[in-house]
Trainee: 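What follows is a single structure, and I will ask about it in a moment.
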Amino acid sequence: ELQGMEQAFPNEPGMDTWLVMEADALQKAGRTEELVVEVGRALERNPKAEEAMMRLATPEGEPLFDHFKRTLRWDKALGLAEELLHGLVEGDRDQDDRRAVVLWVAFEAHENLGQPVEAEKCIQEAIAMNPRDPMYPNAYGLMLRYQGRVDDACLQWRAALEVRVDHPW
């Protein structure tokens, strides 16, 4: 029903509200996979749809990323991250910060799924999207250290300290 309305009135200002309402209903029903698709659609229409991002939670209110990590459902976390990345546009600072967070989740998922090449690509892109956050080069450094690439790891840790030396590591 909602998709029909969306096709009939693609530029209707209230359509974002309808998409968020649909996401809200899916969240309350615990239909997480459909919820992710609806939030992705809302973000494609309006990349700054904060209301849509807030719906990414379980019926109990636990953020989906946290839920998937806590339950070790890394495949679900990765799927959610990939769906959201399609809806977020590059080039807008707010969106770049949000993309960096989603790329961080994809990095963690790839790392836990035993996909180091993909994990490295994600964390490098997160650093490029938000070079002001020291957590990204720090995490990259940890990954490199575990791979035995100690010199590269030290470079990342130095980069993290250059961004913010007083961060509570």
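The shown structure was predicted, so the numbers you read here are calculated from the model rather than taken from an experiment.
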Trainee: List the atom of Q115, the atom of L78, and the distance in Å for their closest heavy-atom pair.
Mentor: OE1-CD2, 4.2 Å
Trainee: Taking all atoms of both residues into account, what is the closest heavy-atom pair of A100 and N130, and its distance?
Mentor: CB-CB, 3.8 Å
Trainee: List the atom of D97, the atom of M129, and the distance in Å for their closest heavy-atom pair.
Mentor: OD1-O, 4.3 Å
Trainee: Are L72 and L113 linked, directly or through intermediate hydrophobic residues, by side-chain heavy-atom contacts shorter than 4.5 Å (ILVMFWY only)?
Mentor: yes
Trainee: Tell me the closest heavy-atom pair linking Y136 and I127, and the distance in Å.
Mentor: CB-CG1, 3.5 Å
Trainee: For residues P137 and P134, report the shortest heavy-atom separation together with the two atoms involved.
Mentor: CD-O, 3.3 Å
Trainee: So how far is it from L103 CG to E82 CD, rounded to the nearest 0.5 Å?
Mentor: 10.5 Å
Trainee: Could you tell me if the side chain of V105 sits less than 4.5 Å from the side chain of L80, heavy atoms only?
Mentor: no
Trainee: Does any part of the side chain of K76, heavy atoms only, come nearer than 4.5 Å to the side chain of T71, both counted from C-beta?
Mentor: no
Trainee: Return the minimal non-hydrogen interatomic distance between W104 and A139, and the atom names on each side.
Mentor: CZ3-CB, 3.2 Å
Trainee: I'd like to know if the side chain of N112 reaches the main chain of E108, judged simply by a donor and an acceptor atom lying under 3.5 Å from each other, with no hydrogens or angles considered.
Mentor: yes
Trainee: Is the shortest heavy-atom distance from the side chain of I123 to the side chain of H110 under 4.5 Å?
Mentor: no
Trainee: With rounding to the nearest 0.5 angstrom, report the CZ to CD distance, F107 to E120.
Mentor: 9.0 Å
Trainee: Any side-chain heavy atom of L142 within less than 4.5 Å of one from W157?
Mentor: yes
Trainee: Is there a path of hydrophobic side-chain contacts, each under 4.5 Å between heavy atoms of I, L, V, M, F, W or Y residues, that connects V102 with M143?
Mentor: yes
Trainee: Given 3.5 Å as the limit, does a donor-acceptor pair link the side chain of R99 with the main chain of L85, or not?
Mentor: yes
Trainee: Do L144 and Y140 have side chains that approach each other closer than 4.5 Å (heavy atoms only, starting at C-beta)?
Mentor: yes
